[in-house]
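Read the structure below first, then the notes.
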Amino acid sequence: MLKPGEYVRDLLESEPGRRVTARGWVKTRRDSKGLHFVQLNDGSCFRDLQVVIEAGVVPEADLAAVTTGACVEVDGEIVASPAAGQRVELRGTAVRVLGPADPATYPLQKKGHSFEFLREIAHLRSRSNTFGAVFRVRSALSFAIHRFFQERGFVYVHTPIITASDCEGAGSLFGVTTLDLSNVPRTKDGKVDYSQDFFGKPTYLTVSGQLEGEAFALAFSNIYTFGPTFRAENSNTPRHLAEFWMVEPEMAFCDLADDMKIAEEFLKYVIGYALEHCREDLEFFNQRIEKTVISTLEHVVNSPFEHLTYTEAIRLLENANRTWEFPVHFGADLQSEHERYLTEEKIGRPVIVTDYPKEIKAFYMRDNDDGRTVRAMDVLAPRIGEIIGGSQREERLDVLREKIRAHGLNEASYSWYLDLRRFGSVPHAGFGLGLERLLMYVTGMKNIRDVIPFARTPGSAEF
RNA sequence: UCCAGCGUAGCUCAGUCGGUAGAGCAGGCGGCUGUUAACCGCCGGGUCCUUGGUUCGAGUCCAAGCGCUGGAGCCA
């Protein structure tokens, strides 16, 4: 395996004279009379290592299989490059092809592939410039997320993937079962007999780790989850996946103001981390994908987020002097066109909207004293819309029970959740951030399927 | 799920008024004293998404289906 000092990234930083063995995949090869040029990449950085092999140094047979896509190992010496484009290059003296790739059938060419085509070869697309950069940034952002919370004393908790609570809108959950679907056991009255299923009752893939996260927050004060989340909604958009990764911090002794404060601090931290540690990749995105990403990110890091209450947002939209496809009035949810107007036209940077009408938000959000709004907050970002959704949680037992009833939910199935209010309850708050949404924002990529390694969307679960 | 668009070579696309198919790139071969999406020459390469219909004749017109993309809804 490659060790620190042996990655292409390290070889490119080496001084001339160092004898090395480089390993990687051939991105492209050019031949000139007397010289062969091989671009080698091992995924460690955006740039390729240029390998130069003089004619006659290496047997023709060894060179023949050095084609685009092949995996090779090259012995040689790092030398100063006499040509523009790279500081150093590798003068190759021996080449071993570890895994050949037939150039006639290898699907990645040296130029111009559409993202649609690359999605069909998701097992190979990570070797391309764009996807190499996307997934390095994804890794860096994931690390930054952990670092942000760990530095602040948050405990990382693994909430369950399989859940029995069918709370938030039953139609959107994936069922989990070991029952034989071609011969489902029935009860006397004809319903599915889940008592014979693996868990003895209906179970689903989680849509959120929040409720379990609250249990841990009321033991460890500050916690976060970071894991996969599943939605069975038939959403066919560039912003939705059936399987995606979500970060959900939950803080005890915390109100909505603190919640907003840490959400803003968090976004600025992880974006700042990417600006500092993913410079080459971001410059590529800035040049080829979205020419404003770097300036946008720098702007986000350096300026305070705008704050609006829902009521103020509605007033701004009403006064916008335009006709909305979806009418604006108190009690209406903010639609894409409204979010876009607020973030892109009116304000031009992330906006935190708070205090939504209780009817359009979840049962667990804390009631405000006005009786009609709840302590919810959404962070809206230009270009991608909602990037964070959070709230202060209802910590009062009697009020929460009433809200469960008002939302038409079954109190019995929330008994453990209510216990948290029964024993040592405290004001607490949290939020959820979609990793892929963040990644779209940071890279400028336009389709969420292009920021996750192997996308799961309605009708598609390849690889 | 709704609305719109698209489906032609490995990839990106062109294809006029309905008359049996083209380019660039990629690939192969050859050339070129340092290339950078190298360059120059030659060569091979087609289930025109599927099914049905109209027509003497369909890549082209019509219908249905499938797939993909974009917009909307749901949301992170």
Side-chain angles (χ1 to χ4, degrees), chain A residues 27-39 47-55 64 67-69 79-86 89 91 101-121 124 128-129 168-169 171-172 206-210 228-248 263 288 324-326 333-340 360-362 378-381 384-390 431-441 446-452 457-460 462:
Chain A
K27 194 165 273 173
T28 138
R29 165 182 170 173
R30 295 175 296 275
D31 296 300
S32 176
K33 180 158 193 179
L35 286 172
H36 308 280
F37 297 93
V38 180
Q39 297 295 125
R47 282 174 295 160
D48 304 320
L49 176 67
Q50 174 164 279
V51 177
V52 183
I53 297 167
E54 290 171 25
T67 57
T68 301
V79 298
S81 178
Q86 57 282 315
E89 61 194 22
R91 180 178 293 153
D102 179 3
T105 52
Y106 183 65
L108 276 177
Q109 302 166 4
K110 33 181 133 174
K111 58 187 267 188
H113 289 298
S114 66
F115 291 142
E116 290 84 354
F117 170 70
L118 291 170
R119 263 171 233 151
E120 293 169 12
I121 52 164
L124 296 172
S128 68
N129 287 335
E168 301 173 50
S172 66
T206 183
V207 295
S208 165
Q210 180 200 313
T229 306
F230 307 88
R231 303 282 164 90
E233 275 137 16
N234 191 11
S235 298
N236 290 287
T237 85
R239 301 180 306 282
H240 291 87
L241 291 165
E243 175 184 293
F244 63 99
W245 283 64
M246 192 151 66
V247 182
E248 293 177 293
R288 301 291 284 269
W324 302 106
E325 190 188 336
F326 294 87
D333 219 340
L334 296 183
Q335 304 293 327
S336 289
E337 57 172 342
H338 307 141
E339 295 179 356
R340 222 168 256 147
I360 60 174
K361 288 292 182 183
D378 286 352
V379 181
L380 310 179
I384 55 168
E386 186 178 338
I387 190 170
I388 281 179
F431 62 83
L433 167 115
L435 178 68
E436 288 77 16
R437 294 262 176 98
L438 173 67
L439 204 48
M440 289 171 76
Y441 194 63
K446 306 289 186 294
N447 193 312
I448 201 165
R449 295 160 206 161
D450 295 330
V451 296
I452 192 165
T457 54
S460 176
E462 301 304 310

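Both backbone and side-chain heavy atoms feed into the values below; hydrogens, waters and symmetry mates do not. Proteins come first, then strands; the chains are lettered A, B, ... in the order of their sequence lines, and each starts at number 1.
In terms of modelled atom types and a separation under 3.5 Å, the side chain of E337(A) and the main chain of E325(A) share a donor-acceptor contact. A donor-acceptor pair under 3.5 Å is absent between the side-chain atoms of H240(A) and the main chain of T237(A), judged by distance alone. Counting only distance, with no hydrogens or angles, the side chain of D48(A) and the backbone of Q50(A) share no donor-acceptor pair below 3.5 Å.
When each of rC74(B), rU1(B), rA72(B) is scored by its nearest atom to the side-chain atoms of R340(A), the top-ranked nucleotide is rA72(B). Nearest nucleotide to the side chain of N236(A), out of rC11(B), rU1(B), rG34(B): rU1(B). Comparing atom distances between the E116(A) side chain and each of rU69(B), rA72(B), rG27(B) picks out rU69(B) as nearest. Residue V52(A) places its side chain closer to rG34(B) than to any other of rU69(B), rG34(B), rC11(B). Nearest nucleotide to the S235(A) side chain, out of rG73(B), rC75(B), rU33(B): rG73(B). Taking the side chain of A83(A) as heavy atoms from C-beta on, and the options rC74(B), rU36(B), rU1(B), the nearest nucleotide is rU36(B). When each of rC75(B), rU33(B), rG71(B) is scored by its nearest atom to the side-chain atoms of S336(A), the top-ranked nucleotide is rC75(B).
Across all strands shown, R239(A) has heavy atoms under 4.0 Å from base atoms, whether or not it also approaches the sugar-phosphate. Within the 4.0 angstrom heavy-atom criterion, only backbone atoms of the sugar-phosphate kind lie near F326(A); the bases stay farther away. Backbone-only contact: I388(A) has heavy atoms under 4.0 Å from sugar-phosphate atoms and none from a base. Within 4.0 Å (heavy atoms only), I387(A) reaches sugar-phosphate atoms of the nucleic acid but no base atom. Using a 4.0 Å heavy-atom criterion, one finds that T229(A) contacts no nucleic acid atom at all. In this structure, P107(A) reaches neither bases nor backbone, as no heavy-atom distance under 4.0 Å exists between it and the strands shown. Across all strands shown, Q50(A) has heavy atoms under 4.0 Å from base atoms, whether or not it also approaches the sugar-phosphate. No contact: T105(A) has no heavy atom under 4.0 Å from any strand. Nucleic acid contact for F244(A): base, since at least one base atom lies under 4.0 Å from a heavy atom of the residue.
Contact annotation: R449(A) side-chain N/O to rU69(B) OP1/OP2 distance is under 4.0 Å. Contact between the side-chain N/O atoms of S114(A) and the OP1/OP2 oxygens of rU12(B) is found at a separation under 4.0 Å. Between T67(A) and the phosphate of rG27(B), there is no side-chain N or O to OP1/OP2 separation shorter than 4.0 Å. Using a 4.0 Å cut-off, no side-chain N or O of R29(A) falls inside it from OP1 or OP2 of rG27(B). Contact check, R47(A) against rU36(B): no side-chain N or O comes under 4.0 Å of OP1 or OP2. The shortest distance between the side-chain N/O atoms of R30(A) and the OP1/OP2 oxygens of rU35(B) is not below 4.0 Å.
With P as the reference atom, rC25(B) and rG71(B) are 32 Å apart, rounded to whole Å. Of the P atoms belonging to rC40(B) and rG19(B), the separation is 34 Å, rounded to the nearest Å. Separating the C1' atom of rU60(B) from that of rG7(B) is a span of 14 Å, rounded to the nearest Å. rG45(B) and rG22(B) have their P atoms separated by 13 Å, given to the nearest Å. Between rG31(B) and rA38(B), the distance separating the two C1' atoms is 14 Å to the nearest Å. Taking atom P on both rC48(B) and rA9(B), the two are 10 Å apart, rounded to the nearest angstrom. Spacing of C1' atoms, rG65(B) relative to rC29(B), comes out at 45 Å, to the nearest Å. Atom name P, nucleotides rU16(B) and rC6(B): the rounded distance is 14 Å, in whole Å.
rC74(B) atom P lies 11 Å from atom NE2 of H338(A), rounded to whole Å. Rounding to whole angstrom units, CG of residue D48(A) and P of rU35(B) are separated by 18 Å. To the nearest angstrom, C1' of rG31(B) lies 14 Å from NE2 of H36(A). Between the CG atom of D31(A) and the P atom of rC40(B) there is a distance of 16 Å, rounded to whole Å. Rounding to whole angstrom units, CD of residue E248(A) and C1' of rC75(B) are separated by 13 Å. Atom-to-atom, CG of L334(A) to P of rC74(B) comes out at 11 Å; the value is rounded to the nearest Å. In this entry the distance linking CG of N447(A) with C1' of rU69(B) reads 9 Å, nearest Å. Nucleotide rC25(B) holds its P atom 15 Å from the NE2 atom of H113(A), rounded to whole Å.
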Fill in: Test log, rule side chain to side chain contact (heavy atoms under 4.5 Å, CB included), inputs K27(A) and N129(A)
CA-CA 9 Å; K27(A) 194 165 273 173; N129(A) 287 335; 2.8 Å; yes
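Checked by distance alone, Q86(A) brings a side-chain donor or acceptor within 3.5 Å of a matching partner on the base of rU35(B). Looking at Q109(A), its side chain comes within 3.5 Å of the base of rG10(B) through a donor and an acceptor atom. For E89(A) against rG34(B), a side-chain-to-base donor-acceptor contact under 3.5 Å is present. Between the side chain of Q39(A) and the base of rU36(B), no donor-acceptor pair of N or O atoms lies under 3.5 Å.
Judged by Watson-Crick or G-U wobble contacts below 3.5 Å, the nucleotide rC25(B) has rG10(B) as its partner. Pair assignment for rC39(B): rG31(B), on the basis of Watson-Crick or G-U wobble contacts that are both within less than 3.5 Å. In this entry rC61(B) has rG53(B) as its Watson-Crick or G-U wobble partner, both defining distances falling under 3.5 Å. Here rU1(B) sits opposite rA72(B) as a Watson-Crick or G-U wobble pair (both hydrogen-bonding atom distances under 3.5 Å). Across all strands shown, rG46(B) has no partner, as no Watson-Crick or G-U wobble contact with both distances under 3.5 Å is found.
A side-chain N or O of S81(A) and one of Q86(A) form a donor-acceptor pair less than 3.5 Å apart. For Q39(A) and R47(A), the side-chain atoms include no donor-acceptor pair closer than 3.5 Å.
Nearer to the 5' terminus of RNA chain B, by closest-nucleotide assignment, is the contact made by N234(A) (compared with the other of M246(A) and N234(A)). Between L35(A) and L108(A), the residue anchored nearer the 5' end of RNA chain B, judged by the nucleotide with its closest heavy atom, is L108(A).
Side-chain contact between E436(A) and W245(A) is present, with heavy atoms from C-beta onward closer than 4.5 Å.
Remark: E120(A) CD to F115(A) CZ distance equals 14.0 Å, nearest 0.5 Å. Note that CD of E248(A) is 10.0 Å distant from CG of L433(A), once rounded to the nearest 0.5 Å.
Applying side chain to side chain contact (heavy atoms under 4.5 Å, CB included) to F37(A) and the options V52(A), I53(A), D31(A), V51(A) leaves one that passes, V52(A).
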